[in-house]
Amino acid sequence: MKQGETLFRIDPRPYQAAFDRANAQLAQAKATNVQAEENFNRIQELSNKQVATPKQLDDARAARDQARAAIQSVQADIENARLNLEFSTIKAPVSGPTALLSPPEGSLAQAQQTVLTTITQLDPAYVNYSITDRELREFHALNEGSGRPLGDDDITVTLQFGDGTAYPKPGKIIMSSQSVDLRTGTIQIRSVFPNEDGVLLPGQFVRLIVKGITLPKAVVIPQQAISQGPQGPFVFVVNSNSAAEVRPVQLDREVGTGWAIREGLNEGDKVIADGIMRVRPGAPVKASPFAAKGNGQQAGAKGAELGKANATEAKT
């Protein structure tokens, strides 16, 4: 269904009759106004010659003003009748697919209750998702601390389907809710994507990747270097005595195949990235470089060997 095409028609005859009646009333009001204008002009001339009384002039003026007001009232009735006549033909407000089912012929349609059909706009496609209020505060803090705050053109959104296939056209974030959902503690975000071919459909499951947000001087380590304990995540680092030491860490977010560390590591710390099961606290280890295998793995160790967790600039 294209925008402007007819969806339904309501019997227009009662509205056409009301429109015609309003036009006839307008012609009658105009004729009455002409008579009232001419009568007022005559009385005014007689009043100037002191032949007509002031009351006659006031009555003529009142009749003229009433005739003018009657024309305006009828014109409003004509506009109302015209709108009702136009509304008898229901047209598609936007382009998009319509529902396959609608009430059968002969059904009673009640205003504000009966749904005749639904039409869904496909181009552009809007994708709604949510983030936590903590993530939003972190973004604001990161944006305020950067040298140049991010603008609308700096952040892009890419889309992936459920099977991992990438949608070829990037999108933009256009708005966010100004309130937090009390049930989930999240904030709704909306992104828009061009969808001329109708590939994106309502209710479709997709994944979104937001690009353009930079974590300056982030410490990133390989995922396999992180272990989970009763107190939370931790890593093994090499202390000044070349021995393994447990270091609790706070994770920030995934960066490629690694994790950005919020707290617990500093630039230059040596982190054990492989052979974690054979490492014991206080055991001596021999450090050796670790070959990175993907984004976010800046350094690590192979077997029971070690590498560096260098501070780098990570992008998500």
Side-chain angles (χ1 to χ4, degrees), residues 129-146 150 155 158 160 164 180-181 184-187 189 207-316:
Y129 52 100
S130 60
I131 62 173
T132 64
D133 58 341
R134 175 181 176 180
E135 290 174 331
L136 184 62
R137 292 197 307 270
E138 290 178 350
F139 169 73
H140 287 163
L142 180 65
N143 199 28
E144 292 174 358
S146 61
L150 297 175
I155 301 177
T158 59
Q160 290 182 351
V180 178
D181 191 328
T184 61
T186 59
I187 300 171
I189 306 292
R207 293 184 176 90
L208 296 183
I209 302 175
V210 180
K211 298 182 177 180
I213 302 175
T214 301
L215 301 175
K217 298 181 180 180
V219 176
V220 182
I221 63 175
Q223 290 182 356
Q224 64 265 32
I226 301 172
S227 301
Q228 290 291 335
Q231 304 301 324
F234 67 91
V235 297
F236 285 104
V237 298
V238 181
N239 59 23
S240 59
N241 297 325
S242 298
E245 177 184 321
V246 175
R247 183 76 61 81
V249 294
Q250 290 188 11
L251 305 180
D252 193 326
R253 64 192 67 236
E254 288 189 70
V255 181
T257 58
W259 271 96
I261 305 301
R262 181 178 302 168
E263 293 182 7
L265 291 178
N266 299 313
E267 181 178 358
D269 286 342
K270 298 179 180 180
V271 180
I272 300 177
D274 202 358
I276 304 297
M277 299 299 296
R278 297 191 297 273
V279 178
R280 296 293 181 269
V285 292
K286 181 180 178 182
S288 63
F290 174 76
K293 298 181 180 179
N295 293 335
Q297 290 189 6
Q298 296 302 318
K302 188 174 182 180
E305 298 175 346
L306 307 176
K308 268 189 170 183
N310 294 320
T312 62
E313 185 175 82
K315 294 183 179 180
T316 58

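To the nearest 0.5 angstrom, R207 atom CZ is 12.5 Å from T158 atom OG1. Rounding to the nearest 0.5 angstrom, the gap separating the OG atom in S242 from the NZ atom in K270 is 6.5 Å. The CD atom of Q250 sits 6.5 Å away from atom CZ of R262, with the distance rounded to the nearest 0.5 Å. Distance check, rounded to the nearest 0.5 Å: OG1 of T132 to CG of D181 gives 12.5 Å. Summarising the geometry, atom CD1 belonging to I221 is positioned 11.5 Å from atom CD1 belonging to I272; distances are rounded to the nearest 0.5 Å.
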- Go through the steps to decide whether I261 and L251 satisfy the test side-chain contact (heavy atoms from CB on, under 4.5 Å), and finish with yes or no. CA-CA 5 Å; I261 305 301; L251 305 180; 3.6 Å; yes
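What you find for I226 and P233 is that their closest heavy atoms are CG2-CB, 4.0 Å. Here the closest heavy-atom approach between residue G258 and residue Q223 is recorded as CA-CG, 3.9 Å. Counting all heavy atoms, side chain and backbone alike, G282 lies closest to A243 at O-CB, 3.7 Å.
More than 12 heavy-atom neighbours from other residues, nucleotides or ligands sit within 6.0 angstrom of CD on Q228.
Residues F236 and V246 have side chains in contact (heavy-atom distance under 4.5 Å, counting atoms from C-beta outward).
Under the 3.5 Å distance criterion, the side-chain polar atoms of R247 are matched with a main-chain donor or acceptor of G264.
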